[in-house]
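Throughout, a chain's letter reflects where its sequence line sits, starting with A, and its residues are numbered from 1.
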There are 2 protein chains.
Amino acid sequence: MKATYREVKADILCRITKGQWAPGSLIPNEVELAESYGCARATVNRAMRELADDGLIERRRKAGTRVRASPVRQARFDIPLVRSEIEDKGAEYRYSLVSRAIDEAPGWLRARLQLGADAQALHLVCMHYANGDPFQHEDRWINLEVLPQARDADFTQTGPNEWLVATIPFSTAEISFSAALADKELADCLACEAGAPVFTIERATWFEGDANTFVRLTYRPGHRMTTRY
Amino acid sequence: MKATYREVKADILCRITKGQWAPGSLIPNEVELAESYGCARATVNRAMRELADDGLIERRRKAGTRVRASPVRQARFDIPLVRSEIEDKGAEYRYSLVSRAIDEAPGWLRARLQLGADAQALHLVCMHYANGDPFQHEDRWINLEVLPQARDADFTQTGPNEWLVATIPFSTAEISFSAALADKELADCLACEAGAPVFTIERATWFEGDANTFVRLTYRPGHRMTTRY
DNA sequence: CGCAGAATATGATCTAGACATAAGCTCTAT
DNA sequence: ATAGAGCTTATGTCTAGATCATATTCTGCG
């Protein structure tokens with residue numbers, strides 16, 4: 001009696017995992033649960049809301065709450081700044097600028113970021129090292145229409161990521177993971193064989209509707225991205 | 001006045017993105033905010049709690065709430081069943097069992113799942129097709145100590161994933177993404193060249209402390225995993 | 001029979017107030 | 001000086017009651 005929302009949540013979870021409330025079946029409504037747990041309805045509500053967020057149950061007004069037939073399994077990944085990713089492992093971080101150029105944005109980039117016909121972009125290629133070993137290759141494009149200040153920023157000492165985080169505190173992003181082969185240039189930078197399989201992250205970010213940057217991050221071969229849930 | 005928790009959340013977010021509340025700075029406390037928004041403290045609390053969940057602010061009792069210096073960017077990925085992943089794209093799903101064997105768990109698997117010395121495991125290799133094209137290769141091990149029923153299950157018509165979801169409604173999992181090269185066998189199954197870069201997901205799941213399954217899912221070359229945040 | 005509008009059940013959210021808990025502070029006794 | 005007791009403060013959680021929003025079902029009219 002007098003359960004906390006954590007206890008209620010745990011108990012409901014338990015009943016689901018134990019099979020007492022089968023997948024697809026209807027769960028008692030908030031009022032009934034509140035009574036049976038001897039707590040307020042808001043407490044049950046919070047427990048249920050969190051379970052719904054976690055993808056375990058499905059709630060619909062009037063229709064009630066049911067256990068999801070196939071729980072939506074979702075994983076959450078932290079996307080850290082490379083610097084912290086490396087330093088958190090206890091390794092020493094080093095940054096280096098490989099190349100810098102101001103170009104017209106190529107077609108694929110204009111398409112991807114919905115840029116105008118002759119949009120100018122700053123193209124940077126950088127490397128991030130952990131204890132002196134190549135860790136991540138960064139191939140970045142910055143939209144100069146939206147971020148003209150980038151033209152004058154100095155990217156020889158610190159990476160564009162840190163500059164961007166400081167300049168644009170928050171933005172929406174589209175991120176995608178894939179596998180690719182290291183070409184000659186990448187292989188040289190990452191000190192691996194050309195043709196090695198590499199894990200790549202691509203991220204495009206927008207701020208108030210305008211695309212500001214696109215980046216392709218390529219990790220040294222063997223990199224894994226792990227999480228628990 | 002009389003703001004909803006969504007409005008409060010949006011407004012706080014806005015102040016942060018606009019730089020009005022700088023990274024690292026202290027935000028007014030709940031009571032003050034509730035007054036200024038003309039709502040109850042619980043409303044502000046919910047807005048702030050969600051922002052904290054999203055990694056935008058950091059809250060500590062007594063110390064107050066501050067804007068995170070470098071927002072923890074996190075992406076959430078749904079890990080769907082292959083069947084729904086394929087059907088959601090409007091393609092026709094087909095499943096096929098490649099091989100089935102009961103073996104002693106190999107050393108790497110025992111280590112990974114913390115199994116005993118002579119643990120028996122069911123080893124399945126399956127293929128999932130979208131509109132007849134190879135989509136995903138599944139290399140799965142099921143711990144027979146914990147799931148002896150798997151010995152008698154029929155995996156020729158439906159995949160082990162669906163069987164497992166039905167048998168064990170919920171479990172904790174460790175998931176990791178990486179890039180690999182297709183070897184000869186994989187290349188044959190996925191109808192691609194040996195040496196093609198492939199995206200792989202590995203997942204180990206536990207139920208009440210016991211490992212029940214380990215799976216390596218390999219997607220056809222070119223597969224991307226995308227999300228927005 | 002079919003559709004528009006009313007009734008209803010249920011989750012979604014809000015309120016005002018209370019107590020719990022952690023963390024920082026000050027003061028006191030050793 | 002320092003360990004610890006106790007105060008203060010901000011967030012965390014709970015309560016009981018209420019209103020709102022909406023999907024579903026029911027009802028009556030054409």
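- Distance CZ/Phe135(B) to OG1/Thr218(B): 12.0 Å, rounded to 0.5 Å.
- Comparing dT13(C), dT22(D), dT8(D) by their nearest atom to the side chain of Tyr5(B) picks out dT13(C).
- Here the nucleotide nearest the side chain of Arg61(B), chosen from dT10(C), dA10(D), dT24(D), is dA10(D).
- As rounded to whole Å, 18 Å separates atom P of dA12(C) from atom CD of Glu7(B).
- In this structure, Leu26(A) atom CG and dT24(D) atom P are separated by 13 Å, rounded to whole Å.
- Phosphate proximity of dT13(D) to Arg46(A): present, with a side-chain N or O under 4.0 Å from OP1 or OP2.
- An OP1 or OP2 oxygen of dT11(D) is reached within less than 4.0 angstrom by no side-chain nitrogen or oxygen of Arg49(B).
- Close to dA22(C), at under 4.0 Å from its OP1 or OP2, lies no side-chain N or O of Arg60(B).
- When each of Ile27(B) and Arg41(A) is assigned the nucleotide of DNA chain D bearing its nearest heavy atom, the one mapping closer to the 5' terminus is Ile27(B).
- The side chain of Thr4(A) places an N or O atom within less than 4.0 Å of a non-bridging phosphate oxygen (OP1 or OP2) of dC14(D).
- Between Thr213(B) and Thr205(B), the side chains place no donor N or O within less than 3.5 Å of an acceptor N or O (distance only, hydrogens not considered).
- The phosphate of dT10(C) (OP1 or OP2) has no side-chain N or O of Thr65(A) nearer than 4.0 angstrom.
- Of the candidates dT24(D), dT8(D), dA16(C), the closest approach to any side-chain atom of Lys62(A) belongs to dT24(D).
- At the phosphate of dG11(C), neither OP1 nor OP2 sits under 4.0 Å from any side-chain N or O atom of Asn45(A).
- The distance from atom CD of Glu35(A) to atom P of dA16(D) is 12 Å, rounded to the nearest whole Å.
- Remark: aromatic rings of Phe214(B) and Trp206(B) are distant, center separation not under 6.0 Å.
- Taking atom CZ on Arg66(A) and atom C1' on dG11(C), their separation rounds to 14 Å, with Å as the unit.
- Across all their heavy atoms, Ala63(B) and Leu26(B) have their closest contact at O-CD1, 3.8 Å.
- Atom P of nucleotide dT9(D) and atom CZ of Arg59(B) are separated by 18 Å, given to the nearest angstrom.
- Between Asn29(A) atom CG and dT24(D) atom P there is a gap of 16 Å when expressed in whole angstrom units.
- dC20(D) atom P lies 17 Å from atom CZ of Arg6(B), rounded to whole Å.
- Projected onto DNA chain D by closest heavy-atom contact, Cys39(A) and Glu32(B) fall at different nucleotides, the more 5' of which corresponds to Glu32(B).
- What separates CD of Glu50(B) from P of dT11(D) is a distance of 17 Å, to the nearest Å.
- Aromatic ring centroids of Phe177(A) and Phe199(A) lie under 6.0 Å apart.
- The side chain of Glu30(A) approaches dG11(C) more closely than any other nucleotide in the set dT11(D), dG11(C), dT15(D).
- Side-chain contact annotation: Tyr219(A) with Glu85(A), donor-acceptor N/O pair under 3.5 Å present.
- Proximity of Thr43(B) to the phosphate of dT15(C): a side-chain N or O atom is located under 4.0 Å from OP1 or OP2.
- Residue Met48(A) is the one, among Met48(A) and Ala42(A), whose nearest nucleotide of DNA chain C lies closer to the 5' end (criterion: closest heavy atom).
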